[in-house]
Amino acid sequence: MRHVTPAEQEYLETLLRLRETDQPLTAANVSRSLGLSAPTVHEMVKRLEAAKLIVRDPQKRISFTDEGLEIAREVTSRHRLVERFLVDVLGIPWYAVHEEAETIDRYASPDVIAGMREQISSAKTCPHGHPIAAGNRMMCGVRLADAPVGSQITILRFEDEDPELLRGLHDAGVRLGLSATVADSDGERIVLRHVEGDTEIDAARADTIAVWSSAGNPGFSPAA
Ligand SMILES: [Zn+2]
């Protein structure tokens with residue numbers, strides 16, 4: 001694999017994430033995801049384009065070149081694998097591993113990564129539900145915010161890995177694989193009823209959670 005800088009890796013990962021969640025690959029969406037200014041993102045997009053890792057159409061929509069996609073999958077897969085290792089082997093809580101993994105996955109040698117892979121050999125997803133074989137999303141589901149009252153849901157993925165957000169969800173009793181009934185939903189908050197009791201989630205946070213819903217999963221689409 002060609003050498004890419006940590007900053008380039010981060011952009012490629014972000015673009016792959018947008019692609020996996022069926023969002024348009026635009027500089028605006030990248031700057032929103034990374035919390036960076038438009039000029040900063042513009043510079044990097046130009047760099048990735050010059051390196052032939054991405055291309056842009058006349059409407060400025062971004063797509064990967066074959067090589068860019070391969071690298072994006074590789075770095076994303078490595079990140080998710082490290083996250084899984086930190087949770088399964090070192091026992092670090094799932095809501096706290098994203099940033100730790102970011103530091104490790106950028107600099108760990110291929111041997112270290114291979115050793116980690118061996119330790120978690122049967123795991124299919126990162127601790128937030130994203131496929132370790134990046135791009136091979138198994139079930140897209142719907143956003144929790146869109147699940148109707150009365151439907152049964154199971155939490156499939158946390159789409160936003162902001163540490164504070166995940167920590168808050170954990171403290172509220174939310175976790176991957178949790179099955180619940182949508183007991184109430186009024187556009188501002190959603191109440192989930194499950195075996196451990198009721199959990200209330202505001203709509204903005206519910207929008208970052210992908211669930212399987214018994215009411216149907218119209219967002220379902222083939223893996224990116
Ligand atoms: Zn993750």
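In listed order, ligands and their atoms are each counted from 1.
Angle SG(C126) to the Zn ion (ligand 1) to ND1(H128): 100° [nearest 10 degrees]. Geometry at the Zn ion (ligand 1): OE1/E83 and OE2/E161 form an angle of 150°, nearest 10 degrees.
For R189, the CZ atom is densely surrounded, since the number of other residues' heavy atoms within 6.0 Å is greater than 12.
Between P131 and E20, some side-chain heavy-atom pair lies under the 4.5 Å cut-off. Within the 4.5 Å cutoff, no side-chain heavy atoms of L86 are placed close to those of W94.
The Zn ion (ligand 1) has no N, O or S atom of H98 closer than 2.8 Å.
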Side chains of residues 177-185: which donor-acceptor pairs under 3.5 Å do they make with residues two or more places apart or in other chains?
from, atom 1, to, atom 2, distance (Å)
S179, OG, T154, OG1, 3.1
T181, OG1, Q152, NE2, 3.3

